[in-house]
Asks: 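Encoded as structure tokens, here's the structure I'll be asking about.
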There are 2 protein chains.
Amino acid sequence: MTMKKGKTKKRNIESDSRQQILDGALKLFAHKGYAAATVRDIVDASGITAPSLYYYFGNKEGLYMELMQTHCARIDQALESHMHTSSSAKERLKDLVDKIFLHVANDRDFFRLMFTIYYGPSQGAPYCDFISYHAKFHAAIKKIIEEGIASGEFQPGNSGHMTWVIRGVVQLAMEEQIKEDRKIIDRQGLQKILDMLLDRFERLPSVNGKK
Amino acid sequence: MTMKKGKTKKRNIESDSRQQILDGALKLFAHKGYAAATVRDIVDASGITAPSLYYYFGNKEGLYMELMQTHCARIDQALESHMHTSSSAKERLKDLVDKIFLHVANDRDFFRLMFTIYYGPSQGAPYCDFISYHAKFHAAIKKIIEEGIASGEFQPGNSGHMTWVIRGVVQLAMEEQIKEDRKIIDRQGLQKILDMLLDRFERLPSVNGKK
DNA sequence: GTCTATAAACTGATAGAC
DNA sequence: GTCTATCAGTTTATAGAC
């Protein structure tokens, strides 16, 4: 309250206590779960004490909500700013998927947390709406597929079903990426699988294909 | 200890307290998470008191582990006892997937819990090895695909990639099935998507296909 | 086996000094 | 802003009567 954004006195440079709490909390929420990650855990991991956490975020829920809002905004950004090139539907699909996958790989802890709360138990965490992001991603894929069908690039067919197939592959790749132990499938692997799959969707297979 | 399996005296028939605890616990673990579902929650939902829970299961972890072991054994059973018919690879794949999907749909709470602990935070729950089930399912799919390629039913190609695609669709269908709100994709829907997908894998498309 | 009563540890949260 | 000290409520778990 007294000073606004001057240099910190004692803390080692550039690392706001605030940010340290956010970092430690995300890691712990993602690996132990919202309920199992206690404020004690968080403040110990962040190298500060409980009152600082409550000073910045009000309570545990406030801390959680701020984490969600920050990272959700980044998803929005990534989903908005895709596709400027006017290449083939196949390339646009691969580009979109790659962008999202990279995003997940670079923010694994958040997506781990998001996925488990979206698909699983609430863990006592305050409600946070994730449906729109899944819907946006689904819609973006479907749109490209329908454009590909309209242009003759893809065989005619049920675009909804095709969308589910694409989303399925991506979902599985994301979830394997999110797991802490072994990442069975990586960025290139996912692209190769998409190549194979989209080749099967193309109009005249194995004529100009490179396979 | 005194009597072994005689009729219960006071409890309403056929509902062992033990089983009621298991039922209530699974529901709560699946919807609130292991850590957030307290012993109090469980005993309240089961209509018994805490000491009975500890009498039967030792502690919260023991209760959880027994739940896991029981339901995991059922997965084993389902995975072992598939495929007796010697029909086409496509039909065998659809049959396997249908069997598993039905299994998930009939034991939603358990799979909800299993999936989120496998892919997400531990929630403070004792470790339970789920990898083998995922591996078995993956291997079973891959085996059928390779047989289909060998017999000429499927186009030659990377069986590993094809397996990932199948698993992706199934994974997404399962997870949507597990969510409590809207089940977007059902049993028939999954089968239709598999039809579309496997048609694309077949050797000569659109000749004898039923579209 | 099932209960009442209660212990012992933990959890989210705050008061108040600096 | 950050700390020490601490509280009130909760959570896991048990002792002991019936």
Side-chain angles (χ1 to χ4, degrees), chain A residues 1-25 28-29 31-67 121-126, chain B residues 1-25 28-29 31-67 121-126:
Chain A
M1 270 198 181
T2 45
M3 70 175 167
K4 239 194 157 176
K5 235 182 178 177
K7 296 184 181 177
T8 51
K9 293 184 222 166
K10 17 182 14 187
R11 281 241 150 261
N12 40 359
I13 34 164
E14 95 159 358
S15 60
D16 228 350
S17 292
R18 199 169 196 287
Q19 193 56 45
Q20 284 186 241
I21 297 171
L22 287 168
D23 292 344
L28 281 162
F29 284 152
H31 285 81
K32 303 185 70 170
Y34 178 80
T38 68
V39 285
R40 238 183 176 81
D41 286 336
I42 296 170
V43 300
D44 284 353
S46 309
I48 47 92
T49 54
S52 288
L53 187 152
Y54 289 95
Y55 171 80
Y56 284 115
F57 304 102
N59 53 28
K60 190 182 177 183
E61 294 199 353
L63 168 57
Y64 171 84
M65 288 306 280
E66 173 144 344
L67 271 175
S122 64
Q123 301 178 38
Chain B
M1 269 197 179
T2 45
M3 68 175 169
K4 237 193 158 178
K5 235 182 177 177
K7 296 184 179 175
T8 51
K9 292 183 222 167
K10 19 185 9 187
R11 281 241 150 261
N12 40 357
I13 34 163
E14 96 159 356
S15 60
D16 227 352
S17 292
R18 199 170 195 285
Q19 192 57 45
Q20 283 186 243
I21 298 171
L22 286 169
D23 293 344
L28 282 162
F29 284 153
H31 285 81
K32 304 184 69 171
Y34 177 81
T38 68
V39 178
R40 238 188 182 77
D41 287 335
I42 295 169
V43 300
D44 285 352
S46 310
I48 47 93
T49 54
S52 288
L53 188 152
Y54 288 96
Y55 171 79
Y56 284 115
F57 305 103
N59 55 28
K60 190 182 177 183
E61 293 199 354
L63 168 58
Y64 171 83
M65 287 306 280
E66 174 144 343
L67 271 175
S122 65
Q123 300 180 37

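Computed from a prediction, not measured in an experiment: that's the story for all the values here.
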Asks: Return the set of residues passing side-chain contact (heavy atoms from CB on, under 4.5 Å) with P51(B) (not counting sequence neighbours), or none when no residue passes.
Replies: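 Here the qualifying residues are T49(B).
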Asks: Show your working on side chain to side chain contact (heavy atoms under 4.5 Å, CB included) between E61(A) and Y34(A) and close with a plain yes or no.
Replies: CA-CA 9 Å; E61(A) 294 199 353; Y34(A) 178 80; 3.3 Å; yes
Asks: Rounded off to whole Å, could you give me the CZ-to-C1' distance for the F57(A) and dG12(C) pair?
Replies: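 Rounding to the nearest Å, CZ of F57(A) and C1' of dG12(C) are 16 Å apart.
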Asks: Can you list everything that forms a salt bridge (charged side-chain N to carboxylate O under 4.0 Å, His left out) with D23(A)? Sequence neighbours excluded, please.
Replies: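 Listed in chain order: nothing, the list is empty.
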Asks: Looking at residues at least two apart in the chain, or sitting in another chain, which of them share a side-chain contact (heavy atoms from CB on, under 4.5 Å) with A25(B)?
Replies: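 F29(B), I42(B), L63(B), L67(B).
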Asks: Go through the structure and list residues passing salt bridge (charged side-chain N to carboxylate O under 4.0 Å, His left out) with D44(B), not counting sequence neighbours.
Replies: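 Here no residue qualifies.
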Asks: Can you tell me how far C1' of dT2(C) sits from CG of L53(B), to the nearest Å?
Replies: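 Checked: the CG to C1' distance equals 13 Å.
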Asks: Toss me the dot-bracket line for DNA chain D: Watson-Crick and G-U wobble, both under 3.5 Å, 5' to 3', using | for pairs to another strand and [ ] for crossers.
Replies: ||||||||||||||||||
Asks: I need the CD-P distance between Q20(A) and dG1(D), as an integer number of Å.
Replies: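 After rounding, the reported distance stands at 15 Å.
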Asks: Tell me the interatomic distance from Q19(A), atom CD, to dG1(D), atom P, rounded to whole angstroms.
Replies: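 For the pair Q19(A) CD and dG1(D) P, the rounded distance is 16 Å.
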Asks: Answer whether the closest heavy-atom distance between the side chains of Q20(B) and I48(B) falls below 4.5 Å.
Replies: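 Heavy-atom side-chain distance check fails, nothing below 4.5 Å.
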Asks: Expressed as a whole number of angstroms, how long is the span from L28(A):CG to dG12(C):P?
Replies: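 In whole Å, dG12(C) P lies 12 Å from L28(A) CG.
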Asks: Is the distance from OP1 or OP2 of dT14(C) to the nearest side-chain N or O of Y55(A) less than 4.0 Å?
Replies: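 So the side-chain polar atoms of Y55(A) never come under 4.0 Å of the phosphate oxygens OP1 or OP2 of dT14(C).
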Asks: Consider the side chain of T49(B), meaning its heavy atoms from C-beta on, and name the nucleotide among dC3(C), dT2(D), dG1(C) that approaches it most closely.
Replies: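 The closest nucleotide is dC3(C).
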Asks: Restricting to side-chain hydrogen bond (donor to acceptor under 3.5 Å, both in side chains), what partner residues turn up for S52(B), sequence neighbours left out?
Replies: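 So S52(B) forms no side-chain hydrogen bond (donor to acceptor under 3.5 Å, both in side chains) with any residue.
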Asks: Apply side chain to side chain contact (heavy atoms under 4.5 Å, CB included) to the pair Y56(B) and Q19(B), showing each step before the final yes or no.
Replies: CA-CA 10 Å; Y56(B) 284 115; Q19(B) 192 57 45; over 6 Å; no
Asks: R18(A) CZ to dT2(D) P: how many Å, rounded?
Replies: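 One finds 11 Å between P of dT2(D) and CZ of R18(A), rounded.
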Asks: Classify every nucleotide of nucleotides 11-18 of chain D by which part a protein heavy atom approaches to under 4.0 Å, writing B for the base, S for the sugar-phosphate alone and - for neither, in 5'-to-3' order.
Replies: BBBBB---
Asks: Rounded to whole angstroms, how far apart are OH on Y56(A) and P on dT14(C)?
Replies: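 The distance from OH of Y56(A) to P of dT14(C) comes to 17 Å, rounded to the nearest Å.
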Asks: OP1 or OP2 of dG1(C) versus the side-chain N and O atoms of S17(B): is any pair under 4.0 Å?
Replies: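 No, outside the criterion.
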Asks: For a 4.5 angstrom cut-off between non-hydrogen side-chain atoms, does F57(A) reach R18(A)?
Replies: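 Yes, at least one pair of side-chain atoms sits under 4.5 Å.
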Asks: Using atom CD1 of I21(A) as one end and atom P of dA13(C) as the other, report the distance to the nearest whole Å.
Replies: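 Checked: the CD1 to P distance equals 14 Å.
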